[in-house]
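Reminder, nothing fancy here: chain letters follow the sequence lines and each chain counts from 1. From a predicted model like this one, the values you see are computed outputs, not experimental measurements.
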Amino acid sequence: MAKLDESLLSGLPPFSLLGRAQIREILDQARTQRFDEGAQVFCEGMDATHFHLLLDGYLRVVRTTPGGDQIIVLHISPGQLFGIAAALHRDTYPATAVTAAESIVLTWPSHLWEGFTSKYDGFATETYKTLGRRLGQIQDTMTEIATQAVEQRVAAAILRMVNQSGRKTDAGIEVGFPVTRQNISDMTGTTLHTVSRTLSAWEKDGIVRSTRKHIVVTAPHRLVQLCGH
DNA sequence: TCATTAAGTATGC
DNA sequence: GCATACTTAATGA
């Protein structure tokens, strides 16, 4: 594989304070991997041998309940570190990471983590910020599931995806990776049938337009109204 | 209000 | 043409 350019990392928060030489150093210790849509980068319970950064694509972080159904905990966007709770404390991964779209991932052995946090300025603090944001987001979702009606939860989930990955189209703003009704039900604690009915109703109301695995939000303000924030 | 069952259509490799 | 994605109606907790 060809050498990666320093510019790939230079803009990203964990590395923003670093010079070219340091970024070169970090890149030279990384392995690059491409994953097809739907592939697992690591699996819940596996030995946490590596930590990762998503260069391109999108990931779902998934936990499987004892009952066997899966819930989508959060999504990872390009430029974000993941599989890092492992590098901090745990010896196994607490969740499974599945690619939502074809993805490029940088990977480092976990034993480098200590050195990264002590050696590279800003790396540790930015990582804590990321973890804090994710924890906050998970808590928001938990609160929604406990207190909000299904329609509001689905609205919030779609808004979250759009905020994280939205791309403009002529019709509106589109979720930047493939999503199924089933995926949305796994984020909101409902069934794919209810999600399907909800989206159909919104489509009639002109709030969204959707085709298989693609959702375009045509009236974002109305979705915001629906979830009541 | 929503899950479940069931029975269908649409879509894309 | 088959698996997967999606839709809709009916029923009942």
Side-chain angles (χ1 to χ4, degrees), chain A residues 33-44 54 56-78 95-105 137-229:
Chain A
Q33 283 174 286
R34 193 198 66 86
F35 292 90
D36 285 326
E37 179 181 339
Q40 294 189 352
V41 179
F42 55 76
C43 201
E44 185 174 350
L54 184 63
D56 190 41
Y58 287 93
L59 297 184
R60 291 192 293 266
V61 176
V62 167
R63 297 213 62 182
T64 305
T65 66
D69 33 33
Q70 64 167 30
I71 65 163
I72 297 175
V73 179
L74 52 82
H75 288 96
I76 304 288
S77 307
T96 300
V98 182
T99 59
E102 184 183 340
S103 298
I104 309 291
V105 172
Q137 200 235 265
I138 292 167
Q139 289 179 142
D140 287 348
T141 310
M142 279 181 52
T143 307
E144 275 163 26
I145 289 180
T147 64
Q148 311 260 62
V150 166
E151 188 181 41
Q152 306 179 300
R153 287 184 250 153
V154 175
I158 290 176
L159 280 175
R160 213 172 275 124
M161 289 189 284
V162 149
N163 285 333
Q164 225 185 291
S165 76
R167 50 169 84 123
K168 265 126 196 143
T169 69
D170 42 344
I173 176 153
E174 179 177 18
V175 176
F177 51 87
V179 212
T180 64
R181 309 291 189 263
Q182 176 73 63
N183 291 151
I184 295 173
S185 67
D186 289 340
M187 301 170 213
T188 53
T190 182
T191 63
L192 76 104
H193 310 271
T194 299
V195 173
S196 176
R197 276 188 286 267
T198 303
L199 286 179
S200 296
W202 288 348
E203 182 134 11
K204 282 196 192 82
D205 275 7
I207 301 173
V208 299
R209 259 256 61 208
S210 72
T211 56
R212 150 183 291 233
K213 289 191 178 187
H214 293 272
I215 297 177
V216 179
V217 180
T218 50
H221 58 286
R222 297 198 54 199
L223 264 195
V224 173
Q225 280 172 234
L226 277 172
C227 67
H229 286 171

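Summarising the geometry, the separation between CD on A:Gln182 and C1' on C:dC6 is reported as 12 Å, rounded to the nearest angstrom. Atom pair A:Arg181:CZ and B:dT4:C1' shows a separation of 19 Å (rounding to whole Å applied). For A:Trp202 and C:dT7, the CH2 to C1' distance is 16 Å, given to the nearest whole Å. Atom P of nucleotide B:dT4 and atom CG of A:Leu192 are separated by 11 Å, given to the nearest angstrom. The interatomic distance linking A:Asp186 (CG) with B:dA3 (P) rounds to 13 Å, in whole Å. Spacing between atom CG of A:Leu199 and atom P of C:dT7 amounts to 7 Å, rounded to whole angstrom units.
Heavy atoms of A:Thr191 sit under 4.0 angstrom from at least one base atom. Heavy atoms of A:Thr190 sit under 4.0 angstrom from primed sugar atoms or phosphate atoms, though from no base atom.
The side chain to side chain contact (heavy atoms under 4.5 Å, CB included) test applied to A:Thr190 returns A:Val150, A:Ser185, A:Thr188, A:Thr194, A:Val195, not counting sequence neighbours.
If you take CZ on A:Arg60 and CD1 on A:Ile76, they are separated by 12.5 Å, rounding to the nearest 0.5 Å.
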## Note on the structure
Reading nucleotides 5-13 of chain B from 5' to 3' and marking B where a protein heavy atom lies under 4.0 Å of the base, S where only the sugar-phosphate is that close, and - otherwise, the string is BB---BBS-
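Within the structure, a side-chain polar atom (N or O) of A:Thr194 is placed less than 4.0 Å from OP1 or OP2 of B:dA3. For C:dT7, one of the phosphate oxygens OP1 or OP2 lies less than 4.0 angstrom from a side-chain nitrogen or oxygen of A:Ser196.
Looking at every heavy atom in both residues, A:Ala100 comes nearest to A:Glu37 through O-CG, 3.5 Å.
The stretch residues 165-219 of chain A participates, sequence neighbours left out, in these ring-ring contact (aromatic ring centres under 6.0 Å, His included) pairs: A:Tyr58-A:Phe177, A:His75-A:Phe177.
Judged purely by distance below 3.5 Å, without hydrogens or angles, the side chains of A:Arg153 and A:Thr198 never pair a donor atom with an acceptor atom. A donor-acceptor contact closer than 3.5 angstrom links the side chains of A:Asn183 and A:Thr180.
By the 4.0 Å N-to-carboxylate-O rule, A:Lys168 lies too far from A:Asp170 to be salt-bridged with it.
Closest to the side chain of A:Ser200, out of B:dC2, C:dT8, C:dA5, is C:dT8.
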